There are 2 protein chains.
Amino acid sequence: MDNQKISPETRLAQMIAKLKENEFRITPQRYAVLRILAHSEYHPSAESIYEQLIADYPTMSPATVYKTINLLKKNGEILELEFSEMSNRYDGNRPYPHPHMICTQCGAIVDPPMHDFEKLKSKMMEETGFTISSFRLDFFGLCPDCRKE
Amino acid sequence: MDNQKISPETRLAQMIAKLKENEFRITPQRYAVLRILAHSEYHPSAESIYEQLIADYPTMSPATVYKTINLLKKNGEILELEFSEMSNRYDGNRPYPHPHMICTQCGAIVDPPMHDFEKLKSKMMEETGFTISSFRLDFFGLCPDCRKE
DNA sequence: TTATTAGTTGATAATCATTATCTATTCACT
DNA sequence: AGTGAATAGATAATGATTATCAACTAATAA
């Protein structure tokens, strides 16, 4: 599984290629959303993407951001981190399951180095009779910055 | 960490003891909600708890179910599994972080045997500089029943 | 070039789980 | 029995996300 960092430009090109491959249009609005997702390290929310775009695209609607996110989801080009007490967050760089570190104070979400969960997965499958297709692993705590206070 | 199954009656008594200890009243409504949580293996939603109670407690309100759940949360006697695309689910038997197997077809949520995450946790802390206080680990797939189809 | 058609945008309304509000009720304790 | 605090339940509010639909845009056909 690829885990080394891909450049934002390459990632953007990948996302565009996938959408084109499936015959979706790359509109200026979609391009703008894809660009932010490809460049973001901090797992933005839909609202945060919208706020970054509204300056350059005054007619941009939150609905369009949500629609583009859902389009990327359907095409497997984005990972959605669901929350119920706050907005969902998105990872456009690594659209496959991987662990996240979530700061309970400032809300930062960062990617730790990927570890191998295959052994754990197969053990769980044996013990429960499930077939496992995906997983979600979040660690909650304080990020280095918030620890200092 | 205790991981062997506790009887529903014992678990109910534990929850009641904790609430009394913190000077909360054990009303008939609260008792009913606690009883369901102590007896449930399937990680019920608030709505599901309400539906089970409305027959015996015709005046029961969903608000009371939610309030009781929040009371238990504040007292550390329940584990909340947040979702954004469906209702939150609750574990009153093991109110500490542990992995879950979630069937994407029928929605069943079951507890696999608890494994040791201490090594993984400390490795993550080293590599990211976070202090980790909690975690969430969900495996998604098909349960044995849904696999058969 | 114009017409046709499907895809897309953006404003707005709808949804739905959960929380907040407020009044009536119940409980604990004098 | 009386008093004050806690609780229940009805209802409204919240907020993120989705649905709806008319206007707009782009691609292709005539």
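Keep in mind the model is a prediction, meaning the values are calculated, not measured. Order of the sequence lines sets the chain letters (A, B, ...), proteins ahead of strands, with each chain counted from 1.
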## Note on the structure
Axis-to-axis angle for the helix from C:dT1-D:dA30 to C:dT30-D:dA1, ends of five pairs each, to 10°, equals 10°

### Query
So where does chain A start and stop touching DNA chain D, 5' to 3', when the test is distance under 4.0 Å to a non-hydrogen atom?
D:dA16 to D:dA26

### Task
Hey, could you give me each pair passing ring pair (Phe, Tyr, Trp, His ring centres under 6.0 Å) that has a residue in residues 42-80 of chain B? Not counting sequence neighbours.
B:His43-B:His100

### Message
Using 0.5 Å steps for rounding, measure from the CD1 atom of A:Ile109 to the CG atom of A:Leu81.
### Response
5.5 Å

#### Entry: Integer-rounded Å distance: C:dA17 C1' and B:Phe83 CZ
14 Å

### Query
Under 4.0 Å between a side-chain N or O of A:Gln29 and OP1 or OP2 of C:dT8?
no

### Task
Please answer whether the main-chain N or O of B:Leu142 pairs with a side-chain N or O of B:Gln105 as donor and acceptor at a distance below 3.5 Å.
no

### Message
Please enumerate all residues that pass side chain to side chain contact (heavy atoms under 4.5 Å, CB included) together with A:Pro8, with sequence neighbours excluded.
### Response
A:His39

### Message
Within the 3.5 Å criterion, strictly below it, is a donor on B:Glu126 or B:Ser122 matched to an acceptor on the partner's side chain?
### Response
no

### Query
Whole Å only: how far is the CE atom of A:Met60 from the P atom of C:dG10?
6 Å

## Note on the structure
Residue pairs meeting side chain to side chain donor-acceptor pair (under 3.5 Å), one or both in residues 23-35 of chain A, sequence neighbours left out, come to none

### Message
Checking B:Phe117 now: which residues fulfil ring-ring contact (aromatic ring centres under 6.0 Å, His included) with it, not counting sequence neighbours?
### Response
B:Phe135

### Task
Select base, sugar-phosphate, or nothing to describe what B:Met86 touches, counting heavy atoms under 4.0 Å on all strands.
nothing

### Closest-nucleotide ordering on DNA chain C, the 5'-leading residue of A:Pro58 and A:Leu71
A:Leu71

### Summary
For residues 103-113 of chain B, the salt bridge (Lys or Arg N to Asp or Glu O under 4.0 Å) pairs (sequence neighbours left out) are B:Arg94-B:Asp111

### Query
Is a side-chain donor or acceptor of B:Ser40 paired with a backbone partner of B:Ile36 at a separation under 3.5 angstrom?
yes

### Task
Could you list the residues that satisfy side chain to side chain contact (heavy atoms under 4.5 Å, CB included) with A:Ser7, not counting sequence neighbours?
A:Glu9, A:Thr10

### Message
Please tell me if A:Ser61 has a side-chain N or O lying less than 4.0 Å from either OP1 or OP2 of C:dT9.
### Response
no

### Query
Could you write nucleotides 19-30 of chain C as a row of B, S and -, 5' to 3', where a protein heavy atom under 4.0 Å of any base atom gives B, of only sugar-phosphate atoms gives S, and otherwise -?
B-B----BB---

### Query
Is there a donor-acceptor pair closer than 3.5 Å between any side-chain N or O of A:Glu80 and the backbone N or O of A:Asn88?
no

### Message
For B:Asn93, give me all partners under side chain to side chain contact (heavy atoms under 4.5 Å, CB included), at least two apart in sequence or on another chain.
### Response
B:Lys5, B:Arg11, B:Asp91

### Query
What residue pairs, at least two apart or across chains, pass side chain to side chain donor-acceptor pair (under 3.5 Å) with a residue in residues 131-149 of chain A?
A:Arg136-A:Asp138

### Close approaches to DNA chain D from residues 47-57 of chain A, in residue order (heavy atom, under 4.0 Å)
none

